[in-house]
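Working notes, beginning with the structure itself.
Hydrogens, waters and symmetry mates are skipped; everything else that's a heavy atom, side chains included, is used.
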Amino acid sequence: MTGAAGDVDERLTPVWVGRRLDELLAQDITPLLPLAEPGVVVPLATVPGRSENLGGFLHIADGCIVVELEPVREAPPSAAQVLAKLDRAAAAFERSSDLKSLCERAAPIFRELTGFDRVMIYRFLDDGAGLVIAEDKAEGLHAFLNHHFPATDIPRQARALYVRNRIRVIPDVDYAPVPILPTEVAQINLGDVGIRSVSPIHIQYLRNMGVRASASISIVRDGLLWGLIACHHMRPRELPYEVRAACTALAGGLARQIRAKEEAETYRERIRLRSAEDAILSRVSPEEDFEHFIEAMGEDLCRMLGSDGFAAIQGSRIITAGRCPAGADLLDLARWVQPRLQAETFATRDLSAQHPPAAAYADLASGVLAIAIAREAPMTMIWLRAEEREIVEWAGNPHKGASADPDAILTPRKSFAAWCEEVGGRSRAWTLSEVEAAGRLRRHLFEARQSRRLRELNRELSATISDKEALLHQKDHLLREVNHRVQNSLQLVQAFLALQERAATESDSAATLREAQRRISAVALVHRRLYQADQVETVDLARYLEDLAGEIRDSMGSEWEDALALDLAPILISADRAVNVGLILTELVINANKYAYGGGGGPISITLEPYRNQFRLIVADRGTGKTRTREGFGTRMMNAMVQRLDGTIEQSDNLPGLRVIVCAPADGI
């Protein structure tokens, strides 16, 4: 044994320096060492102390064996008792009809399990702030239900630890921290140790709330921190290991139910939107004038997307339904939004923040969802949502004491009294399903209008139909010729790179050329898919990534034949953004090949899924994990691609291997 901290002399033995760990713990720990992987806690048998029994837990940190000991205060519940509680809780979760009722059921269950005075289900919002969506508390305590907490209360680095350590308990905020002795081992990583000391800022934060003991249980959904189960007690309180393990397991079950409820809600919304689309499109008449159809269906279009108003603008003509701004304002809005419709749809909930003139009619149009129907004079269709002035109740003033200096010393907030803030200029947010529905409606209406237009042209130009067909054939031939030449050019570049690769004498040069070939293939694949599709503005990102993964697999040799596991959800995206995503995926697979598996093959999972109003690309390997600190050309290029997508990229330990998550808006707004 090389170091220790705490009351080792009083609780375990006064003579511990130089003794074997097996002797001090009164048990053989050799069989447990293979189980103690990084990030894994292995419980020990009861350790006899000088005057009490101790519970022990074994970790591996920085190549050292780390053992934490805590007193066993009472007889732990039996496995049958714990399983019975978990089974009852799981049944209660399954009976919940929606996310709100699920969290309302979870709060009292966790309070009964932990015995704490207050238990809050705390959800992280899109802006990083937290919201208490459910609470169960002892009588007489101040309620935090529906209170917001600023994002600065739980910094980004703390949230990363919550993903790694799913439960954190502070039995008494008035504890006295003790150093590790001797000092030679004081720098060991204690990230997985439950009884390590806590940041003084967090301790003062709890004291300011009047809390003496706390526990934080992570709710992790798909590897991301969805929220916390925050437990507070007004007196010191310990949480035995058996209860902590039960809480961790129960939080995992809660996270799975949260995912199921959110996915069910999204599914129901998509079914409703599909039904509304079908009802509207069934009214499209081949003979009816398109403008008359839009005018007749204005109210139905409003109801379809839950908007307060609807406007269709073509040139100087305006068709409206519901509550809309004045005609001049609508014309100005249509001119402003037109260049932003390159990716089919534009959506925002705070229009005045992007288009300042809209502040004059924020009460009518703070939220905008817009599409354009291409024609001689394009028609812009705009759904409008009125401003929803919201009273946000914060636990203390979130702005008081805020500093713009990023290097300022952090200090905990002192007040948690209810502080209300009125937020205006924003509407109810557009969901990803609503944005997708608007895009589908645009395509269907465009096709319907094109069909009607073609019938008109057939009647009007029957004498020249053969010339029209000849022109169409010539155009198709030209497109094929252009496609053929572009493909030949790209193949020629690939061939030159392949020849240069065979001529290269240094392995780094050959590898660089192979990587360049894969990047060119990613761009060429988008071109081929656009040409083969019915439209040239967008591609199905899932089909594109599936084809790209197949080409990457073929180019990397037979050892990669079964290495790539794909789970891709259909998502429409503009062609330019698809190229960026394809290059990002190519770089991540190249990096896994080079650094996770040392140039060889190995399993890589690729997941594409919608996430709130974004899409998320997850690439995870089972290799050696992150070993580089230097950024090469590929990494710099990948970061630039993520920045062009207005997205984020995060890396985390996949235990083993590396897990990379890229999030970006699906519609590019």
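- Val220 and Ala255 get closest at one heavy-atom pair: O-CB, 3.3 Å.
- In this structure, CZ on Phe615 lies 4.5 Å from CD1 on Ile573, to the nearest 0.5 angstrom.
- Residues Glu70 and Arg244 are paired through a salt bridge, judged by an N-O separation under 4.0 Å between the basic side chain and the carboxylate.
- Put simply, the side chain of Val119 reaches to within 4.5 Å of the side chain of Ile229, judged on heavy atoms.
- Checked for salt-bridge contact, Glu262 and Arg221 meet the test: a charged N lies under 4.0 Å from a carboxylate O.
- Within the 3.5 Å criterion, the main-chain N or O of Trp430 finds a donor-acceptor partner in the side chain of Asn613.
- In the displayed structure, Tyr267 atom OH is contacted under 6.0 Å by at most 12 heavy atoms of other residues, nucleotides or ligands.
- When all heavy atoms of Leu645 and Arg577 are compared, the closest pair comes out as O-NH2, 3.2 Å.
- Heavy atoms from other residues, nucleotides or ligands lying under 6.0 Å from CZ of Arg644 number 12 at most.
- Between Glu263 and Glu609 the shortest side-chain heavy-atom distance does not fall below 4.5 Å.
- Atom CG of Leu99 is separated from atom CZ of Arg259 by 14.5 Å, given to the nearest 0.5 angstrom.
- At least one donor-acceptor pair closer than 3.5 Å links the side chain of Arg166 to the backbone N or O of Val163.
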Pair Gln643-Asn639, side chain to side chain donor-acceptor pair (under 3.5 Å): steps then yes or no: CA-CA 6 Å; Gln643 186 175 7; Asn639 291 336; over 6 Å; no

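- Side chain to side chain, Gln257 and Ser96 fail the donor-acceptor criterion of an N or O pair below 3.5 Å.
- A parallel orientation is assigned to the rings of His202 and Tyr205, their planes being inclined by less than 30° (bins at 30° and 60°).
- Here the straight-line distance linking atom SG of Cys103 with atom CG of Asp98 works out to 9.5 Å at 0.5 Å rounding.
- Between Val243 and Leu113, the shortest heavy-atom contact is CG1-O, 3.5 Å.
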Taking it one step at a time, do Thr348 and Gln354 satisfy side chain to side chain donor-acceptor pair (under 3.5 Å)? CA-CA 9 Å; Thr348 180; Gln354 303 180 49; 2.8 Å; yes

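- Here the CG-CG distance, from Leu35 to Leu58, works out to 9.5 Å after rounding to the nearest 0.5 Å.
- A pairwise comparison of heavy atoms in Leu564 and Ala549 identifies CD1-O, 3.6 Å as the closest pair.
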Evaluate Ile170 against Ile203 for side-chain contact (heavy atoms from CB on, under 4.5 Å), listing each step before the verdict. CA-CA 9 Å; Ile170 304 175; Ile203 291 295; 4.2 Å; yes

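- For the side-chain contact (heavy atoms from CB on, under 4.5 Å) criterion with Ile606, the lone passing option out of Asp567, Leu566, Ile618 is Leu566.
- Under the 3.5 Å distance criterion, the side-chain polar atoms of Glu68 are left unmatched by any main-chain donor or acceptor of Val193.
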Evaluate side-chain contact (heavy atoms from CB on, under 4.5 Å) for Val132 paired with His148, printing each intermediate quantity in order. CA-CA 7 Å; Val132 178; His148 290 68; over 6 Å; no

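- For Tyr241, the ring pair (Phe, Tyr, Trp, His ring centres under 6.0 Å) criterion is met by Phe57, not counting sequence neighbours.
- Here the side chains of Val619 and Ser605 are not in contact, with every heavy-atom distance at 4.5 Å or above.
- Annotation: side chain of Val198 is not in contact with side chain of Leu206 (no heavy-atom distance under 4.5 Å).
- Ring geometry for Phe110 against Phe93 counts as parallel: the plane angle stays under 30°, on a 0 to 90° scale with 60° as the upper cut.
- Taking OH of Tyr597 as the reference point, atom CG of Asp621 lies at 4.5 Å (rounded to 0.5 Å).
- Contact of the Thr607 side chain with the Leu568 side chain is not registered, since no non-hydrogen atoms from C-beta on lie closer than 4.5 Å.
- Of all heavy-atom pairs between Ser218 and Ala251, the closest is O-CB, 3.5 Å.
- For the pair Glu436 and Arg270, the salt-bridge criterion is met [side-chain N within less than 4.0 Å of a carboxylate O].
- Remark: the backbone N or O of Met641 is not paired with any side-chain donor or acceptor of Asn580 at under 3.5 angstrom.
- Contact of the Asp222 side chain with the Arg616 side chain is registered, since non-hydrogen atoms from C-beta on lie closer than 4.5 Å.
- When side chains are defined from C-beta on, Leu545 counts as touching Leu608, because their heavy atoms get closer than 4.5 Å.
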Check step by step if side-chain contact (heavy atoms from CB on, under 4.5 Å) holds for Ile29 and Leu21. CA-CA 8 Å; Ile29 64 170; Leu21 196 55; 3.5 Å; yes

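- One finds the CD1 atom of Ile167 at 11.0 Å from the OH atom of Tyr162 (value rounded to the nearest 0.5 Å).
- Contact check for Val642 versus Ile584: side-chain heavy atoms found under the 4.5 Å cut-off.
- What you find for Asn654 and Ala620 is that their closest heavy atoms are ND2-CB, 3.6 Å.
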Which is it for Asp653 and Arg659 under the side-chain contact (heavy atoms from CB on, under 4.5 Å) test, yes or no, and what are the steps along the way? CA-CA 6 Å; Asp653 197 344; Arg659 175 185 173 94; over 6 Å; no

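- Between Tyr122 and Phe124, the ring center distance clears the sub-6.0 Å criterion.
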